[in-house]
Protein chains: 2
Amino acid sequence: MSHRSRVYTITMPGQRAVQRQSLPDVIANDIRERILSGELEEGMPIRQDALAVEYDVSRMPIREALKRLDAEGLVVFTTNRGATVVKHSPAEVEEIFDLRTMLETDLFRRSIPRMTEADLIHCETLLEAMEVSYDTNDVGQWGALNSEYHLALYAAADRTLSAELLHRLNLQCDRYVRMHLSVMHMREPARADHRKLLEMARKRLIEEGCAILENHIQRTKQQLLELIAEKKPD
Amino acid sequence: MSHRSRVYTITMPGQRAVQRQSLPDVIANDIRERILSGELEEGMPIRQDALAVEYDVSRMPIREALKRLDAEGLVVFTTNRGATVVKHSPAEVEEIFDLRTMLETDLFRRSIPRMTEADLIHCETLLEAMEVSYDTNDVGQWGALNSEYHLALYAAADRTLSAELLHRLNLQCDRYVRMHLSVMHMREPARADHRKLLEMARKRLIEEGCAILENHIQRTKQQLLELIAEKKPD
DNA sequence: GGACATAAATTTGTATCCAATATACGAGAG
DNA sequence: CTCTCGTATATTGGATACAAATTTATGTCC
């Protein structure tokens, strides 16, 4: 229950890298994870004071953390009424996936011609790690690796702002993916897609790769929307 | 020099809408404007205390405002070293415009078939206001109207997240546009473009409209990059 | 005279405290 | 019995105060 003790100073003594994250950073990361995992539900009001005692800090860093998540679009503030976890309409979920499609195909298109052998190997490594988490059914880790793999495919594009934007979008929809992904329906074709994406990159087949990518994201979107629609009437 | 007295309560007495913006909101808006206008220069460190006395508030709302601007990408925080105004490389400026091109053409494409007469009239109104600010040479107002006009063109698309994202991107590049726009070179063709965009929307000529839009943004990008390149060696 | 170490001062980050606002509950009137 | 108004409580927003960290300045040693 308790998230004790200043995650702040857990570095080994004598180790150089003195944990440079600020308290609000650490807390924001943790709360974000709790939102994405579904522990903090949609529309649920967030009590700053409660979180403050949980993390054993004052309300100030909590507020900053929440403000950050507000900026990321994961929670929403109402003046003098505090923060609640955002709730996206199906239309908005669809929009998020469409934006991802645009951004990712653009990035992939720019990236493929510039990918080095090292880039390809890095992707391969992530792909294999991801396949392990398929099998062990570790949804949380799979989600993280999935994001990371996609970003690795686009790293050679060297488009920091786009990548940052994409990361934000992923945070937005990750929650829904996780909520429904446990159903497992969609994961086999996705698995094949992921491999094919890397293959196309290797062969420098730009248009073919982008087509697969577009299909990949749009299919995920479609399946997700169907699952949401099914679950809606409760 | 002084930004006195709670911008908070400037509503007419008896008016219903009791200013509901929080202090950090108001302050963030003002600081944002100061950054966009170039008053706060690139790379310049921002002293929280100095701003606090300027606005006659404690450092707390200032911090929140800066955190918000940090999330918007206008300032960047370094732990224990405070905030500085972000500095974009030419490559990043280029990326911003490319992202705008993608987003805006997508929005325009979705919007055109759905625009009502009311939408068209609203655009017309903004267009005329913008032409006035061309002539009076009010750069600040022109920038705001330009943003608003573009958003109005896409309103019918009903894509709130995309519009929000676009708004953020506009904030990012607005500063550079304003810095160089005073040169006036580019404004005449842009003026013509703006009118043509509305025309195309009226005639429901989707592809033609998007082509003009893409050209419009890309040309602005090109001119801006040239101006930046010229000015670089100082 | 220069470089490193140490100390002072400025500045950020966090906590506690107070005020303002919203929600919840209860009493009284219609 | 229900609706409205008023009061009480809880929660957020902002200010003051304090601690940690960084940068600047000073002094000593080589």
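Residue numbering restarts at 1 for every chain, and letters A, B, ... go by the order of the sequence lines.
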Interatomic distance where OH belongs to Y55(A) and P belongs to dA15(C) [whole Å]: 14 Å
Side-chain donor-acceptor pairs of residues 65-76 of chain A under 3.5 Å, sequence neighbours excluded:
| residue | atom | partner | partner atom | Å |
| --- | --- | --- | --- | --- |
| R68(A) | NH1 | D25(A) | OD1 | 2.4 |
| E72(A) | OE1 | R32(A) | NE | 2.9 |
| E72(A) | OE1 | R32(A) | NH2 | 3.3 |
| E72(A) | OE2 | R32(A) | NH2 | 2.7 |

Whether W142(A) and H194(A) hold their rings parallel, tilted or perpendicular, with breakpoints at 30° and 60°: tilted
Separation of dC17(C) P from M60(A) CE (nearest whole Å): 12 Å
Output a table of nitrogen or oxygen pairs between the protein and nucleotides 7-12 of chain C separated by less than 3.5 Å.
| residue | atom | partner | partner atom | Å |
| --- | --- | --- | --- | --- |
| dT12(C) | OP1 | I46(B) | O | 3.3 |

Step-by-step side-chain contact (heavy atoms from CB on, under 4.5 Å) determination, D30(A) to E33(A): CA-CA 5 Å; D30(A) 198 78; E33(A) 189 49 41; 5.5 Å; no
Contacts of P24(A) that satisfy side chain to side chain contact (heavy atoms under 4.5 Å, CB included) - sequence neighbours left out: S22(A), P61(A), E64(A)
Length of the line joining M44(A):CE and dT11(D):C1', which is rounded to integer Å: 17 Å
Distance in angstrom units between L23(A) CG and dA20(D) P, rounded: 13 Å
salt_bridge(R34(A), E54(A)) N-O dist < 4.0 Å: yes
Nucleotide dT12(D), atom C1' - distance to CG of D25(B) in whole Å: 14 Å
Main-chain N/O of T116(B) paired with D119(B) side-chain donor or acceptor, under 3.5 Å: yes
